[in-house]
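The structure displayed is predicted, hence computed values, not measured ones. The residues of the chain are indexed from 1 along the displayed sequence.
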Amino acid sequence: MDLQLAGKTVLVTAGSKGLGKASAIEFAREGADVVIASRNADHLSQAKADIESASGREALTVVADVGSREQIAQAVRAAAEWKGRLDVLVANAGGPPGGGFEQFEDEAWEAAFRQNLLSVVRLIREAIPHMRKAGGGRIVNLTSISVKQPIADLILSNVFRAGVYALTKSLSAELAAVGILVNTVGPGRIETDRIVELDKLIAERSGESEEQIRERFIRQIPLGRYGTPGEFAKTVVFLGSFANTYVTGQAVLVDGGMVRAL
């Protein structure tokens with residue numbers, strides 16, 4: 001299938017590691033001009049090398065913290081100026097701390113709001129004018145399976161990821177007329193540093209080993225294993241491609257069948 005990404009510019013935030021980096025690699029393999037943004041210059045440098053090695057295509061890096069309105073604007077502007085256009089936005093950010101409702105004061109809620117919901121609002125706001133100029137675009141917001149089924153001890157993520165899905169659904173109607181399709185993709189148990197960290201946290205609280213926690217989750221997954229970042233990325237790239245002409249406003253879960261909600 002031709003995903004019609006040749007000559008298209010893609011911006012992936014939190015693109016230096018994990019699901020963001022995997023998505024950036026897949027976009028580049030499909031012929032897109034990929035820009036990755038992240039707070040860590042060293043991680044960006046390594047990710048750039050990995051993308052270029054995997055795809056044979058040049059990648060652009062931008063040091064930016066999605067918690068900062070000014071740095072978001074700078075990242076989007078840099079992406080649009082690189083090749084003179086911006087066609088695809090993959091809005092991604094690191095997950096907030098794990099924990100239950102009574103563990104967090106206002107400061108934690110406000111930080112998670114800025115990082116995981118307001119950042120998406122700001123990124124999309126900055127990207128829309130460039131997509132209009134290009135004649136359309138694709139926006140893919142990376143969230144979590146919690147948009148369909150809340151996850152225990154991840155109250156901050158549950159609340160703000162659901163907010164991103166509400167934003168996705170609302171914008172899909174508002175932007176359809178100008179050819180901008182908006183979707184969200186929620187990972188289940190995908191092999192990333194974030195999942196290793198969460199499994200370790202659960203193990204510490206339960207007194208079980210990390211391997212026992214992992215096996216417990218695997219028993220809940222019909223496919224019987226954790227997914228890989230590359231598997232997740234393929235869904236992101238299709239929804240963010242111009243082969244996708246009729247899917248918008250959806251939350252697609254990449255979870256091996258783990259979530260049983262309709």
Side-chain angles (χ1 to χ4, degrees), residues 12-26 36 38-40 42-43 46-47 50-51 54 90-104 108 111-112 115-116 140-162 164-165 183-239 251-262:
V12 182
T13 61
S16 67
K17 295 177 69 178
L19 301 179
K21 175 180 166 181
S23 298
I25 287 172
E26 288 299 321
I36 53 172
S38 172
R39 292 175 295 182
N40 188 301
D42 291 338
H43 291 166
Q46 182 60 58
D50 292 343
I51 293 166
V90 178
N92 183 33
F101 180 75
E102 294 183 294
Q103 292 177 243
F104 298 111
Q115 177 174 304
N116 294 111
V140 184
N141 300 317
L142 304 195
T143 55
S144 165
I145 58 172
S146 66
V147 301
K148 293 289 188 178
Q149 181 173 291
I151 301 171
D153 290 321
L154 285 179
I155 185 69
L156 298 176
S157 180
N158 292 342
V159 171
F160 295 116
R161 303 298 198 188
V164 172
Y165 182 31
N183 292 285
T184 183
V185 183
R189 310 301 292 186
I190 307 293
E191 295 271 11
T192 62
D193 291 345
R194 167 72 169 171
I195 289 298
V196 170
E197 173 190 331
L198 291 175
D199 284 356
K200 183 177 180 180
L201 179 64
I202 295 168
E204 289 172 353
R205 289 178 176 171
S206 68
E208 298 176 88
S209 69
E210 290 178 51
E211 186 59 33
Q212 286 173 311
I213 298 303
R214 182 184 179 92
E215 288 301 320
R216 185 200 303 169
F217 279 115
I218 286 175
R219 287 195 295 270
Q220 299 174 38
I221 302 170
L223 288 182
R225 60 179 177 85
Y226 282 19
T228 69
E231 288 175 308
F232 178 86
K234 287 178 172 60
T235 299
V236 174
V237 172
F238 171 72
L239 290 173
V252 179
L253 305 187
V254 183
D255 68 345
M258 183 178 179
V259 171
R260 305 304 173 91
L262 295 177

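In this structure, CZ in R189 is found 8.5 Å from CD in Q220, a value given to the nearest 0.5 Å. In this structure, E210 CD and K200 NZ are separated by 6.5 Å, a value rounded to the nearest 0.5 Å. Residue N92 holds its CG atom at 11.5 Å from CD1 of I36, rounded to the nearest 0.5 Å. Expressed to the nearest 0.5 Å, how far OG1 of T13 lies from CG of L142 amounts to 7.5 Å. Atom CD of Q103 sits about 9.0 Å away from atom CG of L156, to the nearest 0.5 Å.
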Original post:
Going through the checks in order, is the side chain to side chain contact (heavy atoms under 4.5 Å, CB included) test met by V185 and F232?
Top reply: CA-CA 9 Å; V185 183; F232 178 86; 3.4 Å; yes
**OP:** Determine, stepwise, if the pair Y226 / D199 fulfils side chain to side chain donor-acceptor pair (under 3.5 Å).
**Re:** CA-CA 12 Å; Y226 282 19; D199 284 356; 2.9 Å; yes
**OP:** Under the side chain to side chain contact (heavy atoms under 4.5 Å, CB included) rule, what do I202 and D153 come out as? Steps first, then yes or no, please.
**Re:** CA-CA 9 Å; I202 295 168; D153 290 321; 6.0 Å; no
Original post:
Given the rule in the side chain to side chain contact (heavy atoms under 4.5 Å, CB included) test, do I213 and S206 qualify, once you have shown the distances and angles that lead to the verdict?
Top reply: CA-CA 9 Å; I213 298 303; S206 68; 3.8 Å; yes
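Of the possible donor and acceptor atoms, none in the side chain of Q115 sits under 3.5 Å from a partner among the backbone N and O of A93. Proximity of a side-chain donor or acceptor of N183 to a complementary backbone N or O of V140 within less than 3.5 Å is not detected.
Minimum heavy-atom separation, G98 to L201: CA-CD2, 4.1 Å. Closest heavy-atom contact between G224 and I218: O-CG2, 3.4 Å. Listed here is the closest heavy atom pair of M258 and P222: N-CD, 3.8 Å. When all heavy atoms are compared, the tightest approach of I190 to P229 is CG2-N, 3.6 Å. In this structure, F104 and P97 approach most closely via the heavy-atom pair CZ-O, 3.8 Å. The shortest non-hydrogen separation linking G95 to R161 is CA-NH2, 3.5 Å.
Residues satisfying the side chain to side chain donor-acceptor pair (under 3.5 Å) test with S146, not counting sequence neighbours, are S144. Residues passing the side-chain contact (heavy atoms from CB on, under 4.5 Å) test with V259, sequence neighbours excluded: I145, K148, Q149, L253, D255, A261. Taking E211 as the reference, S209, R214, E215 meet the side-chain contact (heavy atoms from CB on, under 4.5 Å) condition, with sequence neighbours excluded. K234 pairs by the side-chain contact (heavy atoms from CB on, under 4.5 Å) definition with E26, not counting sequence neighbours. Applying the side-chain contact (heavy atoms from CB on, under 4.5 Å) test to L198 and every residue at least two apart in sequence or in another chain returns L154, R194, I195.
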Please tabulate, for side-chain N and O atoms in residues 18-25, each donor-acceptor pair with protein atoms closer than 3.5 Å (sequence neighbours left out).
from, atom 1, to, atom 2, distance (Å)
K21, NZ, D50, OD2, 2.4
S23, OG, L19, O, 2.8

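No side-chain heavy atom of V164 sits under 4.5 Å from any side-chain heavy atom of V147.
We find that E191 and R225 are not joined by a salt bridge, their nearest charged nitrogen and carboxylate oxygen being 4.0 Å or further apart.
Residue L239 forms a side-chain contact (heavy atoms from CB on, under 4.5 Å) with just one option from V90, T184, V252, and that option is V252.
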